[in-house]
Amino acid sequence: MNYKRFHLFEKTQVLIAGGGLLAAVFFLLGGVFRPADPLGPIAMLPNGHFGKLLLAGLLLLALSVVTGAMTTHSRPEGGLLTALLALGGLALLSAPMDSLLWRHGAPRSGLYGQMILEVLLLAAAVTLAEWIVTVVRAALGKARPAWVWNDPLDQLTDEQRNILRGSRVHLRWDGDIIEGNDFLLSPGVRNTLIGNVWSLLGGEKDVRVAKQHAAVRAFRRGAACLGLGVVAGVILVSLLMQSDLRGQILFSLFAGFALAAMAAQHVFPTRAMFVAWLMPIVTAVLFYLLAALTRGEIRPQFEALPIDWISAGCSGALLGFWIAGRMRESRIFETLAHELKEPS
């Protein structure tokens, strides 16, 4: 299967899995998370529903198990992207934030403090979901290697790499923090947020010293990618989100972070997909802090709910990361095909 046909198959798998699970959450499970007030938003901590927040995190973890198994022919970010898209069924069911603002009144610092905490707790669930997706894929890869996606750029021959070095297309790509398999972790698992922390903290002293320089380079590139994505996300979301209508809020977060992550991944490419989904998390905290300190009119960006940032924002960022990787592969394989066809 050539890369164009494989890209089409990969995209179809993610779309079918994401659409089907989104419909299941929206029609079958969403009612559990609706507040007693039919006009109230799905904001769990401000409404005093910590149990529902825990249940939403467990739902994301359960979805990650399913999507990790359903999207094995996609790159790893496709599995987490699909799980977050499915969680978006809750965001689609939510009413606007207006009633919560009216009920809370001023000052708003307490309200937005609770929303920051909710975003961070949901981010912890995303961290675990990322780990689960990669672990499920690794387990299936051991049982059925042909079922699981392998990075084609890691399988290039020395001849192909030499061709790329002589062209304008470069393999600007991070290696793993640990070379080899020191902790019996597959490369996909090592590139999660939990896997990175495990890799940096574990091992013997001489192993940690040997990997120090590679880790510093990977951290700098990832931090630069994250920083650029956050700046681009703030600008794009501010430009796109011109009203507090639920549809525009969700579209602005999804499209804004898809473009932001794509641009950041193009300039500072990294293997770590957690860099992409952290962009909306950091941006949400910044906007909520600004909202807590601002008096007067509420801007539309301040009315995006935590579930919006997690589902629409994080899935959009992962989509941009996913598209950037596919575009890089296309450029590389088109360059190789062109160079190998030319007469010597």
- Task: Examine the side chains of Glu130 and Trp277 and answer whether a donor and an acceptor come within less than 3.5 Å of each other.
- Result: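 There is such a pair between these side chains.
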
Using 0.5 Å steps for rounding, measure from the [atom1] atom of [X] to the [atom2] atom of [Y].
{"X": "Ile42", "Y": "Phe33", "atom1": "CD1", "atom2": "CZ", "answer": "8.0 Å"}
{"X": "Leu193", "Y": "Trp131", "atom1": "CG", "atom2": "CH2", "answer": "11.0 Å"}
{"X": "Met262", "Y": "Met327", "atom1": "CE", "atom2": "CE", "answer": "6.5 Å"}
{"X": "Leu22", "Y": "Phe27", "atom1": "CG", "atom2": "CZ", "answer": "8.5 Å"}
{"X": "Leu100", "Y": "Met115", "atom1": "CG", "atom2": "CE", "answer": "7.0 Å"}

- Task: Can you establish whether the number of heavy atoms outside Phe251 located under 6.0 Å from its atom CZ is more than 12?
- Result: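 Open: at most 12 neighbouring heavy atoms sit under 6.0 Å from CZ of Phe251.
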
For [X] and [Y], indicate whether the former's side chain and the latter's backbone hold a donor-acceptor pair under 3.5 Å.
{"X": "Arg246", "Y": "Ala91", "answer": "yes"}
{"X": "Ser94", "Y": "Leu90", "answer": "no"}
{"X": "Gln265", "Y": "Gly320", "answer": "no"}
{"X": "Thr72", "Y": "Val148", "answer": "no"}
{"X": "Thr82", "Y": "Ala17", "answer": "no"}
{"X": "Arg108", "Y": "Thr294", "answer": "yes"}
{"X": "Thr71", "Y": "Gly68", "answer": "no"}
{"X": "Glu118", "Y": "Pro306", "answer": "no"}

Quick check: closest heavy atoms across [X] and [Y], and the distance to 0.1 Å?
{"X": "Ser74", "Y": "Gln13", "value": "N-OE1, 3.3 Å"}
{"X": "Leu111", "Y": "Pro46", "value": "CD1-CB, 3.7 Å"}
{"X": "Met279", "Y": "Thr283", "value": "O-OG1, 2.8 Å"}
{"X": "Leu84", "Y": "Cys314", "value": "CD1-CB, 3.7 Å"}
{"X": "Leu289", "Y": "Ile116", "value": "CD2-CD1, 3.7 Å"}
{"X": "Ser315", "Y": "Leu81", "value": "O-CD1, 3.1 Å"}

Test item: [X] and [Y] side chains (from C-beta on) under 4.5 Å apart, heavy atoms:
{"X": "Leu45", "Y": "Leu121", "result": "yes"}
{"X": "Leu59", "Y": "Leu55", "result": "no"}
{"X": "Leu239", "Y": "Ile235", "result": "yes"}

- Task: Could you walk me through whether Val275 and Phe268 pass the side chain to side chain contact (heavy atoms under 4.5 Å, CB included) test, one step at a time?
- Result: CA-CA 11 Å; Val275 171; Phe268 299 109; over 6 Å; no

- Message: With a 4.5 Å cut-off on side-chain heavy-atom distances among I, L, V, M, F, W and Y, is there a chain of contacts connecting Val230 to Leu120?
- Response: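 Same cluster: Val230 reaches Leu120 through Ile, Leu, Val, Met, Phe, Trp or Tyr contacts under 4.5 Å.
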
- side chain to side chain contact (heavy atoms under 4.5 Å, CB included) between Phe287 and Ser238: does it pass, once the steps are laid out? CA-CA 10 Å; Phe287 273 124; Ser238 299; 3.7 Å; yes

- Task: Quickly, which of Val234, Val237, Ile249, Asp244 forms a side chain to side chain contact (heavy atoms under 4.5 Å, CB included) with Gln301? Name it, please.
- Result: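 Of Val234, Val237, Ile249, Asp244, side chain to side chain contact (heavy atoms under 4.5 Å, CB included) with Gln301 is met by Val237 alone.
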
- Do the rings of Tyr288 and Tyr112 sit parallel, tilted or perpendicular, given the 30° and 60° boundaries?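 Taking Tyr112 first and then Tyr288, their aromatic rings sit tilted (interplane angle of 30° to 60°).
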
